[in-house]
Amino acid sequence: MSAGRAVWVLGEQRNGSIHPVSYELLAWGRTLADDLGVGLECILVGHGVAEEANQLIMRGADRVYCLDHRGLETFRVDPYARLIEMLVREHEPDILLAAATTMGRTLMPVLAAKLHTGLTADCTGLSIALEERLLLQTRPAIGGNVLATIKTPSHRPQMATVHPKSRRPLPADPSRSGDIEVVEIDQALLASRVSRLHFEPDLTMGSSIQDAELIVAGGRGLRTAKRFADLFEIAKLLRGVVGASRCAVDQGWASYAHQVGLSGKSVSPTTYIALGISGSPNHLAGMSSAELVIAVNSDPDAPIFQVADVGIVADLAEFLPAWLDRLRKQAGENEGAR
Ligand SMILES: Cc1cc2nc3c(=O)[nH]c(=O)nc-3n(C[C@H](O)[C@H](O)[C@H](O)COP(=O)(O)OP(=O)(O)OC[C@H]3O[C@@H](n4cnc5c(N)ncnc54)[C@H](O)[C@@H]3O)c2cc1C
């Protein structure tokens with residue numbers, strides 16, 4: 001395949017409405033396409049999705065391919081992979097990105113095998129090596145101790161899944177224009193060995209930390225269950241929620257629903273307060289798109305300070321009770337003033 005082809009992203013929908021992760025992918029794709037000087041195109045598969053396609057143009061796509069059919073209403077890997085493979089072979093994009101969601105993680109390996117190309121899973125960063133015009137795909141590796149940057153020099157498309165919430169979407173721009181192409185679908189391509197019987201949401205996995213604007217997160221540096229428990233009061237006083245590193249979850253101080261990171265949740269709050277968290281790549285993978293990061297750690301060389309906007313070097317054994325006291329007093333004064 002020749003260089004100079006478009007960057008493609010795989011949009012996602014739920015019940016006919018575009019899932020916000022599609023806009024995050026478009027933000028990544030827009031930067032890559034602009035660096036390469038090529039178009040950004042989006043594939044949207046589902047039923048009743050064609051009317052929604054303009055949302056993708058407003059968020060950065062130059063063209064949307066809509067695969068709209070009742071038989072595509074819910075995700076089934078065999079017809080989705082067959083149809084996307086057909087489109088990729090026809091248009092030969094240079095890059096194909098999907099979100100590292102259940103759909104992306106299921107579909108992309110199948111597509112990569114069909115297309116005989118490579119796939120880098122769960123990327124937390126993407127950029128272009130301008131001289132070679134190659135996609136640089138960055139992800140944590142070797143137990144999260146290093147960040148590996150991977151290239152796909154000799155096969156096309158260059159394929160990657162991207163960790164959700166690793167990038168903020170671009171604001172919707174109603175003045176943007178682009179093409180929407182509704183792709184004609186051959187019924188024979190819809191055959192599947194899988195049929196959906198019913199859908200049951202996992203109610204044990206609350207989405208509260210993913211929706212929160214302020215997260216007070218604790219790690220092993222809190223040292224005791226009692227000190228971690230104080231975070232719940234602090235979070236309540238600040239009208240936020242509690243997040244945790246995997247070490248804190250492994251200690252039993254918080255449930256898995258609170259875990260932030262590569263194998264936990266990805267969050268994108270306005271403010272992320274990291275207390276006694278070292279800042280391993282596996283943790284940063286889940287919170288790197290937070291707007292403001294405040295970190296408290298006793299080690300001035302802790303890696304979390306490299307991503308923190310405000311860094312406080314302090315011993316949490318002293319810092320935490322003092323801070324909690326102050327928050328309680330402020331809350332009392334506010335209550336008294338009413
Ligand atoms: C496949 C894989 C997936 C993973 N997924 C995740 C994930 O989703 N989320 C995640 O968080 N991790 C994940 N990890 C684990 C990750 O690599 C780190 O081990 C983990 O994030 C470290 O947690 P921590 O920062 O709480 O602990 P540590 O790395 O032990 O850091 C503790 C910090 O506390 C500081 N400290 C100690 N005492 C004090 C004190 N008194 N006052 C102030 N600061 C103090 C220390 O200086 C240190 O920086 C994963 C690992 C693997 C292999």
Side-chain angles (χ1 to χ4, degrees), residues 99-102 105 120-125 137-148 150 161-166 204-210 212 215-232 234-235 241-269 272-290 293-326:
T101 53
T102 305
R105 283 177 171 158
T120 306
D122 259 336
C123 293
T124 53
Q137 308 150 49
T138 301
R139 55 151 297 148
I142 318 182
N145 293 315
V146 296
L147 283 173
I150 296 162
T161 59
V162 187
H163 208 61
K165 305 267 182 188
S166 54
T204 62
M205 294 287 284
S207 63
S208 59
I209 70 165
Q210 288 187 294
I215 297 177
V216 184
R220 203 198 322 244
L222 285 163
R223 306 232 170 166
T224 66
K226 157 77 186 72
R227 226 172 273 149
F228 194 97
D230 285 343
L231 298 195
F232 288 91
I234 291 176
V241 300
V242 172
S245 73
R246 180 154 132 182
C247 281
V249 171
D250 289 347
Q251 299 281 343
W253 300 340
S255 68
Y256 173 67
H258 294 272
Q259 186 178 315
V260 174
L262 193 69
S263 55
K265 301 244 172 70
S266 293
V267 296
S268 195
Y272 190 85
I273 306 174
L275 304 166
I277 292 178
S278 58
S280 74
N282 286 324
H283 187 80
L284 301 183
M287 44 67 72
S288 55
S289 63
V293 177
I294 302 171
V296 184
N297 199 301
S298 54
D299 175 5
D301 297 322
I304 191 77
F305 287 135
Q306 286 168 21
V307 297
D309 302 286
V310 179
I312 301 167
V313 179
D315 182 343
L316 282 160
E318 293 165 16
F319 181 93
L320 204 69
W323 187 32
L324 181 53
D325 257 9
R326 195 158 161 181

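First listed ligand is number 1; within each ligand, the first listed atom is number 1. Keep in mind that what you see is a predicted model, and the values were worked out from it rather than measured.
- The ligand atoms of ligand 1 that sit less than 4.0 angstrom from a heavy atom of Ile277 are 25 (O).
- By heavy-atom distance, the residue among Val249, Asn297, Thr224, Asp299 lying nearest atom 48 (C) of ligand 1 is Asn297.
- The two residues Ala257 and Ile209 make their nearest non-hydrogen contact at O-CD1, 3.8 Å.
- Closest heavy-atom approach to atom 25 (O) of ligand 1 among the candidates Gly219, Ser278, Ala295: Ser278.
- With a 4.0 Å heavy-atom cut-off, ligand 1 is reached by no atom of Ile304.
- Within ligand 1, counting atoms from 1 as listed, the ones closer than 4.0 Å to a heavy atom of Gly264 are 8 (O).
- Within ligand 1, counting atoms from 1 as listed, the ones closer than 4.0 Å to a heavy atom of Asp315 are 40 (C), 41 (N), 42 (N).
- One N or O on the side chain of Thr161 and one on the backbone of Asp122 form a donor-acceptor pair closer than 3.5 Å.
- A distance-only check finds a donor-acceptor pair linking the side chain of His258 to the backbone of Val242 [under 3.5 Å].
- Formation of a donor-acceptor pair under 3.5 Å by the His283 side chain with backbone atoms of Ser278 is not found in this model.
- The heavy atom nearest to atom 32 (C) of ligand 1, out of those in Gly218, Ala217, Gly276, Ala317, is found in Gly276.
- Residue Ala314 places a heavy atom less than 4.0 Å from ligand 1.
- Under 4.0 angstrom from ligand 1, the non-hydrogen atoms of Ser245 come from both its backbone and its side chain.
- Residue Gly261 approaches ligand 1 through these ligand atoms, each under 4.0 Å from one of its heavy atoms: 7 (C), 8 (O), 9 (N).
- Within the set Ala302, Ala285, Cys247, Gly243, the minimum heavy-atom distance to atom 22 (C) of ligand 1 is found for Cys247.
- Here atom 43 (C) of ligand 1 lies nearest to Ser298 when heavy atoms of Ala274, Ser280, Ser298 are compared.
- By the 3.5 Å distance cut-off applied to N or O atoms, Leu316 is counted among the residues near ligand 1.
- Between Gln259, Arg227, Gln251, Arg220, it is Gln259 that holds the heavy atom closest to atom 7 (C) of ligand 1.
- For Asp250 and Arg220, the salt-bridge test fails: no basic side-chain N is under 4.0 Å from an acidic carboxylate O.
- For the residue pair Ser289 and Ser268, a side-chain donor N or O sits within less than 3.5 Å of a side-chain acceptor on the partner.
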Evaluate Val216 against Leu275 for side chain to side chain contact (heavy atoms under 4.5 Å, CB included), listing each step before the verdict.
CA-CA 8 Å; Val216 184; Leu275 304 166; 3.7 Å; yes
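- A donor-acceptor contact shorter than 3.5 Å is absent between the side chain of Arg139 and the backbone of Ala148.
- In this structure, Asn297 contributes its side chain and Ile277 its backbone to a donor-acceptor pair below 3.5 Å.
- Set against the non-hydrogen atoms of Leu262, the atoms of ligand 1 under 4.0 Å away are 7 (C), 8 (O).
- In this structure a side-chain-to-backbone donor-acceptor pair under 3.5 Å is present from Gln210 to Ser266.
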